[in-house]
Amino acid sequence: MRRWLAWLVVPCLLGITALAFWNSEWLRAPRAMWDLSRMPAPTSLPVPVEGVAARRIADTYGAPRGRDRTHAGVDIFAKRGTPVRSAGPGVVVAVRDSGLGGRQVWVVGPARERYYYAHLEDWREGLAEGDVLAEGDVLGYVGDSGNAAGTPPHLHWGIYGSDGAYDPLPLLRAHPTGEPRGSTPP
């Protein structure tokens with residue numbers, strides 16, 4: 001009888017321990033990455049800059065930039081310091097100040113697509129790699145860092161799928177309201 005009891009209790013205890021470990025705060029980011037990888041790519045997204053309507057964004061995806069590259073995103077112009085928000089759920093995978101993008105944040109979202117937020121004036125206080133985000137969470141603030149220094153403040157925003165960069169503007173225009181966050185459509 002003790003053997004049978006051991007064969008029942010030990011697996012139950014191991015299962016409970018594994019479940020507690022999986023649901024621990026320590027595994028929050030890996031758990032979120034697992035969930036995001038199982039989601040489909042979005043068919044619409046809200047504009048990530050507070051107060052900007054999709055109709056105000058010019059389609060600059062693919063425009064020439066210098067002699068050897070093209071624009072791999074859209075530029076969303078706004079007043080310096082305007083909040084930049086996560087366009088959807090995700091996990092922050094990089095927060096850095098380097099290269100063409102200057103102060104930038106990389107977020108992995110649904111279907112493991114990567115969202116690139118660049119030329120930030122600054123990041124929100126405490127933003128760090130591994131942060132799990134909900135749609136609308138503040139990432140930073142519109143600026144002109146990197147190779148945008150001296151230009152009008154804007155967010156360079158790009159999406160990278162499994163085949164590389166693609167034009168994010170159709171997703172912004174397909175969003176149900178297409179209006180800025182916090183506004184009511186007429």
Side-chain angles (χ1 to χ4, degrees), residues 22 27-63 65 69-78 82-120 123-124 126-143 145-148 154-181:
W22 177 248
L27 286 182
R28 186 169 184 233
R31 199 171 52 248
M33 290 289 269
W34 170 254
D35 291 341
L36 291 164
S37 73
R38 297 172 52 216
M39 292 177 174
T43 56
S44 74
L45 290 167
V47 174
V49 177
E50 191 171 283
V52 176
R55 68 180 178 275
R56 286 187 39 215
I57 302 169
D59 190 359
T60 57
Y61 180 83
R65 292 292 190 264
R69 62 186 181 90
T70 59
H71 198 227
V74 293
D75 290 333
I76 305 171
F77 292 88
T82 301
V84 172
R85 298 180 177 274
S86 182
V91 175
V92 175
V93 293
V95 177
R96 59 183 171 221
D97 187 355
S98 64
L100 299 175
R103 289 185 191 93
Q104 55 192 266
V105 177
W106 285 88
V107 173
V108 171
R112 290 182 281 189
E113 292 189 327
R114 292 163 292 136
Y115 299 88
Y116 178 55
Y117 302 81
H119 304 316
L120 299 173
W123 306 277
R124 80 162 155 81
L127 185 70
E129 291 179 13
D131 284 357
V132 177
L133 304 169
E135 179 183 310
D137 286 352
V138 173
L139 299 171
Y141 307 93
V142 170
S145 61
N147 73 341
H154 66 280
L155 171 73
H156 170 90
W157 189 58
I159 301 177
Y160 295 79
S162 59
D163 295 329
Y166 67 89
D167 189 354
L169 191 55
L171 294 177
L172 301 178
R173 290 184 175 160
H175 195 261
T177 64
E179 294 299 314
R181 294 176 189 273

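Computed from a predicted model, the values in this text were never measured in an experiment.
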Within-4.5 Å side-chain heavy-atom neighbours: [X] and [Y]:
X    : Y    : answer
P42  : E113 : yes
L172 : H175 : no
R103 : Y141 : no
V108 : M33  : yes

Determine the minimum heavy-atom distance between [X] and [Y], stating which atoms define it.
X    : Y    : value
D131 : G126 : OD2-O, 3.8 Å
E129 : V95  : OE2-N, 3.8 Å
A32  : V91  : CB-CG2, 3.7 Å
G101 : S145 : O-OG, 3.8 Å
Y115 : P110 : OH-CD, 4.1 Å
D137 : V132 : OD2-O, 4.3 Å

side-chain contact (heavy atoms from CB on, under 4.5 Å) evaluation trace for D97 with L120
CA-CA 9 Å; D97 187 355; L120 299 173; over 6 Å; no
Would you compute the distance between atom [atom1] of [X] and atom [atom2] of [Y] and round it to the nearest 0.5 angstrom?
X    : Y    : atom1 : atom2 : value
T82  : I76  : OG1   : CD1   : 11.5 Å
D75  : L155 : CG    : CG    : 8.0 Å
R65  : T60  : CZ    : OG1   : 5.5 Å
H156 : L100 : NE2   : CG    : 9.5 Å
L133 : L127 : CG    : CG    : 7.0 Å

Between H154 and F77, how do the two ring planes meet: parallel, tilted or perpendicular, split at 30° and 60°?
tilted
Once the angle between the rings of Y117 and W157 is folded into 0 to 90°, is it parallel (under 30°), tilted (30 to 60°) or perpendicular (over 60°)?
tilted
Please lay out, stage by stage, how I159 and L45 fare under the test side-chain contact (heavy atoms from CB on, under 4.5 Å).
CA-CA 11 Å; I159 301 177; L45 290 167; 3.9 Å; yes
Over 12 foreign heavy atoms within 6.0 Å of CZ, R112:
no
Looking at Y116, is its backbone amide N or carbonyl O close enough to the side chain of Q104 to form a donor-acceptor pair, meaning the two atoms are under 3.5 Å apart?
no
NZ/NE/NH1/NH2 to OD/OE distance under 4.0 Å, R173 and D59
no
